[in-house]
Amino acid sequence: NAGVTQTPKFRILKIGQSMTLQCTQDMNHNYMYWYRQDPGMGLKLIYYSVGAGITDKGEVPNGYNVSRSTTEDFPLRLELAAPSQTSVYFCASTEVGLGEKLFFGSGTQLSVL
Amino acid sequence: QQQVKQSPQSLIVQKGGISIINCAYENTAFDYFPWYQQFPGKGPALLIAIRPDVSEKKEGRFTISFNKSAKQFSLHIMDSQPGDSATYFCAASTTSGTYKYIFGTGTRLKVLA
């Protein structure tokens, strides 16, 4: 039982490049989330999903896209990377009946130069 | 109204002392208030949580105090240990079916040996 797995752990992008941050969970959770963490800013919700095929915007969705074709996977797509997207990205999941506990991955540290 | 304000930004405590971190919220619809603990290079992990129908919850050395009328809640770490050195985030959510959280900006705690 691996929990929430994020890949890659580190990535450096050039301005204008695109990439996909991968997130997969093996707990059969319906609810999945993408957060970004910036120093002194806490965790900001980018996108979330309440089940396969259903996604919605969070607090800071601009510059990102998501898809949820399966229960397990929730990839985050960055199109035309910008320096403002330099951050640590966390994927999380939960399910009804777990006391609203979020299970986080170990994060992806992204630098856009 | 969606913000959760957290203080202090950083805290240094002697081993055996009490660490206190405070949070305040505006949205009276919030009905679930967790604290997450994050070690360097790791994702946040749920530490303890409270609902507004109680004024205090204790789990081992960790206690949440909740003041509904003041819209404030705090984390108390008794007998603080060097292993408690981490970043702590308060959060708030409405248990309305999406389990979306608003996180505070974080407190970096250092416990001196």
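Keep in mind that what you see is a predicted model, and the values were worked out from it rather than measured.
Here the SG atom belonging to A:C91 is positioned 10.5 Å from the CG atom belonging to A:L102, to the nearest 0.5 angstrom.
For A:E59, the part sitting under 4.5 Å from any heavy atom of chain B is the side chain, from C-beta outward, and nothing else. Residue contact with chain A, scored on non-hydrogen atoms closer than 4.5 Å, is absent for B:P34. With a 4.5 Å cut-off on non-hydrogen atoms, A:L45 touches chain B through its side chain but not through its backbone. With a 4.5 Å cut-off on non-hydrogen atoms, A:Q109 does not touch chain B at all. Residue A:F103 does not touch chain B at all, counting heavy-atom pairs closer than 4.5 Å.
The backbone N or O of B:A49 lies less than 3.5 Å from a partner atom in the side chain of B:K57, making a donor-acceptor pair. Counting only distance, with no hydrogens or angles, the side chain of B:S74 and the backbone of B:I21 share no donor-acceptor pair below 3.5 Å.
No side-chain heavy atom of B:P52 sits under 4.5 Å from any side-chain heavy atom of B:F73. A 4.5 Å side-chain heavy-atom check between A:Y33 and A:F90 finds every atom pair outside the cut-off.
If you tally non-hydrogen atom pairs under 4.5 Å between each of B:K42, B:Q38, B:R108 and chain A, the highest count goes to B:Q38. By number of non-hydrogen pairs under 4.5 angstrom with chain A, the leading residue of B:G41, B:G43, B:P44 is B:P44.
A salt bridge is absent between B:E56 and B:K58; no separation between the charged side-chain nitrogens and carboxylate oxygens falls under 4.0 Å.
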